[in-house]
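The structure appears right after this line, and notes come after that.
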Amino acid sequence: YFWSGRLHGILVARLRGRDWVRRHPEILEERVPPPLVILGLSRTDTTLLHRLIAADKRFYSAAWWECRFPVPAPDDMDGAKRIAVAKAEVAAMLEANPDLLSIHPFDAMGADEDILLMDQTLLSTTSETMACIPSYYDWLRTRRARVALVVAYSASLVLVAVSYLAVIFQLRRMDPR
């Protein structure tokens with residue numbers, strides 16, 4: 001159930017994102033500052049570095065809830081519904097497996113990395129942690145998928161930067177009425 005719900009949410013977010021761009025083409029003209037990219041091997045405190053930088057008001061870092069639910073429903077312009085679902089989801093994950101906190105400091109309201117935004121491409125490996133789908137696992141590892149991943153990752157950076165984050169920036173300035 002969890003994976004099918006997650007997949008449904010990703011597809012809905014993609015459709016909402018397209019709808020936002022269709023109804024607000026000015027989003028594509030939004031100037032998004034160049035990102036600060038942090039690269040590092042696992043367990044080398046890149047999350048800590050990211051959180052330290054995110055604490056600086058000169059930078060913007062999307063919160064976990066914004067990465068998990070990047071496009072608002074028309075009745076959730078302020079994010080209240082997405083925040084409530086994100087808090088419940090994080091709480092459920094930690095209740096099911098409290099040891100997750102030893103791996104990553106989950107906080108629905110805290111700054112988080114772009115892995116959840118990568119989920120929106122359907123090419124992120126996080127799906128493997130939620131469901132055992134051997135054919136999907138195999139497909140991700142094919143040459144075709146590796147090429148698609150590079151293309152999709154490049155496209156998703158543009159999509160994320162121009163669409164999702166621009167939507168967030170734009171929504172913060174728009175009158176929700």
Side-chain angles (χ1 to χ4, degrees), residues 5-40 46-90 104-127 140 144-177:
R6 186 86 173 241
L7 179 60
H8 179 262
I10 288 169
L11 295 174
V12 167
R14 291 176 96 172
L15 291 172
R16 283 185 184 149
R18 286 182 157 211
D19 184 55
W20 269 104
V21 172
R22 182 188 58 77
R23 289 188 295 123
H24 301 284
E26 67 275 11
I27 288 172
L28 297 175
E29 304 302 320
E30 186 75 24
R31 303 293 296 168
V32 178
L36 176 60
V37 178
I38 301 168
L39 297 174
T46 53
T47 299
L48 176 61
L49 177 59
H50 176 254
R51 301 261 169 117
L52 286 171
I53 292 169
D56 187 325
K57 299 298 181 200
R58 294 174 294 172
F59 295 97
Y60 173 80
S61 184
W64 191 93
W65 72 270
E66 290 175 303
C67 292
R68 175 70 176 87
F69 305 107
V71 184
D75 65 342
D76 189 33
M77 294 296 294
D78 63 357
K81 290 180 181 179
R82 291 176 292 147
I83 290 170
V85 172
K87 285 180 176 180
E89 192 170 294
V90 167
H104 186 79
F106 288 93
D107 176 3
M109 300 304 290
D112 216 316
E113 294 130 7
D114 68 349
I115 191 72
L116 292 173
L117 287 173
M118 284 300 298
D119 277 354
Q120 303 299 318
T121 68
L122 297 176
L123 292 170
S124 170
T125 57
T126 59
S127 59
L140 276 176
R144 189 175 55 166
R146 285 193 300 270
V147 170
L149 183 59
V150 170
V151 171
Y153 186 73
S154 300
S156 73
L157 288 178
V158 171
L159 178 64
V160 167
V162 174
S163 297
Y164 291 144
L165 294 180
V167 166
I168 293 167
F169 294 145
Q170 188 71 17
L171 291 176
R172 290 184 176 181
R173 287 198 294 253
M174 291 175 66
D175 184 349
R177 290 174 270 151

Determine the minimum heavy-atom distance between Ile10 and Asp119, stating which atoms define it. CD1-O, 3.4 Å

Atom CH2 of Trp65 and atom NZ of Lys87: how far apart are they, to the nearest 0.5 Å? 10.5 Å

Within this structure, what is the CG-NZ distance for the pair Asp75 and Lys81, rounded to the nearest 0.5 Å? 3.0 Å

Quick one: closest heavy-atom pair of Val71 and Ala13, and the distance? CG2-O, 3.7 Å

Quick one: pull up CG in Leu28 and CD in Glu30 and give me the separation to the nearest 0.5 Å. 10.0 Å

Can we say Arg22 and Asp19 salt-bridge, meaning some charged N sits less than 4.0 Å from an Asp/Glu carboxylate O? yes

Closest non-hydrogen atoms of Phe59 and Leu36, given as atom of the first, atom of the second and distance, are CE2-CD2, 4.0 Å

Indicate the atoms forming the closest heavy-atom contact of Met77 with Arg82, along with that distance. O-NH2, 4.4 Å

Do Pro105 and Thr47 come close enough that some side-chain heavy atom pair is under 4.5 Å? yes

Asp107 side, atom CG; Arg51 side, atom CZ - distance, nearest 0.5 Å: 6.5 Å

For a quick test of reading the model, state the closest non-hydrogen atom pair linking Glu113 to His50 and the distance between them. N-CE1, 4.0 Å

CZ (Phe69) and CD1 (Ile83) are apart, to the nearest 0.5 Å, by 11.0 Å

Measuring from Leu117:CG to Arg68:CZ, what's the distance to the nearest 0.5 Å? 11.0 Å

Any idea which heavy atoms bring Trp20 and Pro72 closest together, and the distance? NE1-O, 3.4 Å

